[in-house]
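Inspection log for the structure reproduced underneath, given as structure tokens.
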There are 2 protein chains.
Amino acid sequence: MGLTKTEGYTQAQIELATIAKVLGHPARVAIVQHLLEINACIGNDLMDVLPLSQPTISRHLAELKKVGIIQGTIEGSSMNYCINPHRWREIRQMLGGLLGKEPGEQCC
Amino acid sequence: MGLTKTEGYTQAQIELATIAKVLGHPARVAIVQHLLEINACIGNDLMDVLPLSQPTISRHLAELKKVGIIQGTIEGSSMNYCINPHRWREIRQMLGGLLGKEPGEQCC
DNA sequence: TCTAATTATTGCAATATTGCAATATCACAA
DNA sequence: TTGTGATATTGCAATATTGCAATAATTAGA
């Protein structure tokens, strides 16, 4: 049904999956990398960085914003998007908590 | 068109997004956590762990296997799935490389 | 005011994802 | 050989995602 079940999982699992899902598109990975790199950016710069149209970029930005990875403030008639540092560390904790687990020895 | 463009991104960005996407579902997060926890598992155990039917679980396992996170060996008429330790560390490196970047000071 | 620049939203069309029921496969045991 | 248990595959149906063109909304400047 294209609809992900949510009952039967912990809140942490759902949050983790939600974050991972948002990072699950090369355009959004590229946006995050770019923002981390230059540490601030007006949305229009992204037109030169991504192989996508302006509306599509706007959509990806909206999704990153929805989970709090980025935040934007209005700067005249343009936008200033940047990483939300607090949220970013939170996400690092969440994903790091999973990734940090050591798998046992080769078992099969 | 529901189809993600791949030209215009680096191979690393695409790989990173692919991994993140696979982890972008609570069932798959739960499977990975479970496998890391018990360090081996026959697929049928998952019926008790996940709120999903057997065919659906099988599909999620196939997706985890496709990107190499898990591997399975045949054990009689059942399967032994476990984390691929080498691949897991590789993934930790990839995602860690992104997550580890420090965002600058609050800028907007 | 009129226009240009910038970003967001809407409206499609195409493809992908998720889920279950039904069925197929395969190994093992009786 | 027949049946049982375990897993995979197929075949839907419903929803989600991705992308662009067109358009709206907003601000700044002439």
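Treat the numbers as computed from the prediction; the structure is a model and nothing was measured. Below, chain A is the first sequence line, B the second, and so on; all start at residue 1.
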Original post:
What one-letter contact string describes nucleotides 24-30 of chain D from 5' to 3', where B marks a base within less than 4.0 Å of any protein heavy atom, S marks contact via sugar-phosphate atoms alone, and - marks no contact?
Top reply: ---BS--

What heavy-atom pair brings [X] and [Y] nearest, and what distance separates the two atoms?
X: B:Cys41; Y: B:Leu35; answer: CB-CD2, 3.5 Å
X: B:Ile83; Y: B:Gln71; answer: O-OE1, 4.1 Å
X: B:Lys101; Y: A:Trp88; answer: O-NE1, 3.0 Å
X: B:Leu46; Y: B:Ile57; answer: O-CD1, 3.8 Å
X: A:Pro85; Y: B:Gly104; answer: CG-O, 3.7 Å

Is there a side-chain contact between [X] and the phosphate of [N], meaning an N or O under 4.0 Å from OP1 or OP2?
X: A:Lys5; N: C:dC20; value: yes
X: A:His25; N: D:dA16; value: no
X: B:Lys21; N: C:dA16; value: no
X: A:Tyr81; N: C:dT6; value: no

Would you check if [X] and [Y] make a side-chain contact, meaning some heavy-atom pair closer than 4.5 Å?
X: A:His60; Y: A:Leu52; answer: yes
X: B:Ser58; Y: B:Met79; answer: no
X: A:Leu98; Y: B:Leu36; answer: yes

Using whole Å, what does the distance between atom [atom2] of nucleotide [N] and atom [atom1] of [X] come to?
X: B:Leu3; N: C:dA16; atom1: CG; atom2: C1'; value: 9 Å
X: B:Asp48; N: D:dT7; atom1: CG; atom2: P; value: 11 Å
X: B:Asn80; N: D:dG5; atom1: CG; atom2: C1'; value: 16 Å
X: B:Met47; N: D:dT7; atom1: CE; atom2: P; value: 9 Å
X: B:Leu46; N: D:dT7; atom1: CG; atom2: P; value: 9 Å
X: B:Ile31; N: D:dT7; atom1: CD1; atom2: C1'; value: 14 Å

Original post:
Mapping B:Ile42 and B:Thr4 to their closest nucleotides on DNA chain D, which lands nearer the 5' end?
Top reply: B:Ile42

Original post:
If only atom types and distance count, is the side chain of A:Lys65 paired as donor or acceptor with the main-chain N or O of A:Gly72 below 3.5 Å?
Top reply: no

Subject >> Check: A:Arg28 side chain, B:Ala17 main-chain N or O, donor-acceptor pair, under 3.5 Å >> reply: no

Subject >> Residues within residues 49-69 of chain A bordering DNA chain C, heavy-atom distance below 4.0 Å >> reply: A:Gln54, A:Pro55, A:Ser58, A:Arg59

**OP:** Pull out every residue in residues 11-20 of chain B that has a heavy atom closer than 4.0 Å to any atom of DNA chain C, ordered by number, or say none.
**Re:** none

**OP:** Please determine if A:Glu63 and A:Lys66 form a salt bridge, counting it only when a charged side-chain N lies under 4.0 Å from a carboxylate O.
**Re:** no

